[in-house]
Amino acid sequence: MEQGMLKRRLEGSPIVYYVEKAEDGAPWVLLIHAAFVDHRMFRTQFEGFRGRCNVIAVDVLGHGGSTDAGRGDNLESMASWLDAILQAEGAKAAHVVGVSLGGVLAQDFACSHPDRVASLACFGAYDITRPDPELLKENGSAQMAMMGKALVSIKWFAEANKAISAHTEQAQREFYEMNLDFPKRSLRHLSALGKLVGKHEPRPRAYPLLVGCGEHDLPMELEAVRKWAADEGGCETLVVEGAGHCANMDAPERFNDALARFWGLS
């Protein structure tokens, strides 16, 4: 994964990100990871799109290298930081891909900076512009239970979380190892996630939208994708075979091929 990859920190922020560039004129891709992991969950996307795309993967606030937070730094600032990263890299717009937590942050960015979005793909997420109270309640209860485990023991939490978040043995192993690196103090940043839900009104999109999840994801996520597609109209949906919540890790070839088709690269 390290081949050609550059580690950078956005000036004036706590955000660390990684970029690997292709030839001039190649499309830009912006990858936003799930909670409790970091940019490494996109190892197979860097490999799969190497030479075809300029790829950026951020470490979300509180994760990976982005833990040096100052007073007032919170997840609500991620949209402006992502915009600044694209400016710093000279990218006019990017194909934005978010998984789980990353899908929520990707939507906030797309709603705040639609001119920066060539397309939006969200996996294992839900529509933040049309929040479903029952879904949010069920999801919130599950998250609180997991955070309780994390406060007691990161190893206990990581063992439980890997089975929920990944389906294949290899993906579970990689997810577990990344979870072990998540600092407990960063749990406080996730409490601001609710402020992004319902923040934006539903509006027509000037860019293509793809929503999806893995076939082995939780039933509530499969329902969230179905409802989002029904409410949105005109978007593409994808249920990735052989994959769980983090479909990009479980079935990278299917995931990458689907994105390439969505972006018009294949």
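Index from 1, following the sequence. Nothing here was measured: the structure is a model prediction, and the numbers come from that model.
Considering all non-hydrogen atoms of both residues, Arg52 and Pro27 come closest at O-CD, 3.5 Å. Heavy-atom minimum distance, Tyr207 versus Ala110: OH-CB, 3.3 Å. Across all non-hydrogen atoms, the minimal contact from Ala57 to Phe42 is CB-CD1, 4.4 Å. The minimum heavy-atom distance between Val58 and His39, with the atom names listed, is O-CB, 4.0 Å. In plain terms, the two heavy atoms of Gly214 and Leu222 that are nearest each other are O-CD2, 3.9 Å. Taking both residues in full, the closest heavy atoms of Gln172 and Ala163 are given as NE2-CA, 3.8 Å, listed atom of the first, atom of the second, then distance.
Taking OG of Ser112 as the start and CG of Asp115 as the end, the distance is 10.5 Å to the nearest 0.5 Å. For the atom pair CD1 (Ile128) and NE2 (His200), the distance works out to 5.0 Å, reported to the nearest 0.5 Å. Expressed to the nearest 0.5 Å, how far SG of Cys53 lies from CG of Leu30 amounts to 12.5 Å. The line from OG of Ser13 to CD1 of Ile85 is 6.5 Å long, rounded to the nearest 0.5 Å. With rounding to the nearest 0.5 angstrom, the OG1 atom of Thr44 is 9.0 Å from the CD atom of Gln170. Note that NE2 of His216 and CD of Glu241 are 9.0 Å apart. Values are rounded to the nearest 0.5 Å.
For Asp231, the side-chain hydrogen bond (donor to acceptor under 3.5 Å, both in side chains) partners at least two apart in sequence or on another chain are Lys227. The ring-ring contact (aromatic ring centres under 6.0 Å, His included) search around His189 returns none, not counting sequence neighbours.
Side chains of Leu259 and Arg261 form no contact here, defined as non-hydrogen atoms less than 4.5 Å apart. Taking 4.5 Å as the limit, some side-chain heavy atom of Arg9 sits within range of a side-chain heavy atom of Pro14. You'll find the side chain of Tyr18 stays beyond 4.5 Å of the side chain of Leu6, heavy atoms only. Under the 4.5 Å side-chain criterion, counting only non-hydrogen atoms from C-beta, Thr237 is not in contact with Leu210. Proximity of Val60 to Leu75: side-chain heavy atoms (C-beta onward) are separated by under 4.5 Å at one or more points.
A distance-only check finds no donor-acceptor pair linking the side chain of Asp250 to the backbone of Ala166 [under 3.5 Å]. Glu215 contributes a side-chain N or O that, together with a main-chain N or O of Gly242, makes up a donor-acceptor pair within less than 3.5 Å. Listed for the Asp217 side chain is no donor-acceptor partner under 3.5 Å among the backbone atoms of Cys213. Arg130 places no side-chain N or O within donor-acceptor distance of the main-chain N or O of Tyr126, the cut-off being under 3.5 Å. Checking side-chain atoms of Arg116 against main-chain N and O of Ala91 turns up a donor-acceptor pair under 3.5 Å.
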inquiry  = side chain to side chain contact (heavy atoms under 4.5 Å, CB included), that's the test. Do Val37 and Asp181 meet it? Break it down for me.
reply    = CA-CA 8 Å; Val37 289; Asp181 293 335; over 6 Å; no
Met178/Phe182 under side chain to side chain contact (heavy atoms under 4.5 Å, CB included): CA gap, chis, key distance, verdict = CA-CA 7 Å; Met178 284 185 279; Phe182 181 79; over 6 Å; no
task = Please report the C-alpha distance between Asn54 and Glu20 in whole Å, then the side-chain angles of each, then the deciding distance to 0.1 Å, and finally whether the side chain to side chain contact (heavy atoms under 4.5 Å, CB included) criterion is met.
result = CA-CA 6 Å; Asn54 300 307; Glu20 184 170 330; over 6 Å; no
Pair Met249-Ser165, side chain to side chain contact (heavy atoms under 4.5 Å, CB included): steps then yes or no = CA-CA 10 Å; Met249 296 179 67; Ser165 300; over 6 Å; no
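Contacts classified as side chain to side chain donor-acceptor pair (under 3.5 Å) and involving residues 26-38 (residues at least two apart or in different chains) are given here: Asp38-Arg40. Legend: salt bridge (Lys or Arg N to Asp or Glu O under 4.0 Å) pairs involving residues 89-102, not counting sequence neighbours, sorted by first then second residue: Arg8-Glu89, Lys21-Glu89.
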With a cut-off of 3.5 Å and sequence neighbours excluded, list every side-chain donor-acceptor pair involving residues 66-73.
| residue | atom | partner | partner atom | Å |
| --- | --- | --- | --- | --- |
| Ser66 | OG | Val16 | N | 2.8 |
| Ser66 | OG | Asp59 | O | 2.6 |
| Asp73 | OD2 | Gly70 | N | 2.6 |

Output a table of donor-acceptor pairs, distance under 3.5 Å, between side-chain atoms of residues 94-106 and any protein atom two or more places apart or on a different chain; print 'none' if there are none.
| residue | atom | partner | partner atom | Å |
| --- | --- | --- | --- | --- |
| His95 | ND1 | Ser119 | OG | 2.7 |
| Ser100 | OG | His245 | NE2 | 2.8 |

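Leu86 and Leu10 fall within the same hydrophobic cluster, where Ile, Leu, Val, Met, Phe, Trp and Tyr residues are linked whenever their side-chain heavy atoms come under 4.5 Å apart, directly or through other members. Hydrophobic cluster membership is shared by Met5 and Leu31, with clusters built from Ile, Leu, Val, Met, Phe, Trp and Tyr side chains linked at under 4.5 angstrom. By the rule that hydrophobic residues join a cluster once side-chain heavy atoms approach within less than 4.5 Å of another member, Leu120 and Val239 end up as members of separate clusters. Residue Val29 is grouped with residue Leu265 when hydrophobic side chains (ILVMFWY) are merged at heavy-atom distances under 4.5 angstrom, including chains of intermediate members. Clustering ILVMFWY residues whenever any of their side-chain heavy atoms sit less than 4.5 angstrom apart, transitively, puts Val197 in the very cluster that holds Val211.
We find that Glu47 and Arg43 are joined by a salt bridge, their nearest charged nitrogen and carboxylate oxygen being less than 4.0 Å apart. Taking 4.0 Å as the cut-off between side-chain N and carboxylate O, Arg254 and Asp257 do not count as a salt-bridged pair. We find that Glu232 and Arg205 are joined by a salt bridge, their nearest charged nitrogen and carboxylate oxygen being less than 4.0 Å apart.
Aromatic ring orientation, Phe36 versus His63: tilted (interplanar angle from 30° to 60°).
With hydrogens and angles left out, the side-chain atoms of Asn248 and Gln45 include a donor and acceptor closer than 3.5 Å.
A cation-pi geometry, defined here as NZ or CZ lying under 6.0 Å from the six-membered ring centre and within 45° of its normal, holds between Lys162 and Tyr176.
Aromatic ring centroids of Trp81 and Phe109 lie 6.0 Å or more apart. The ring of Phe255 has its center closer than 6.0 angstrom to the ring center of Phe123.
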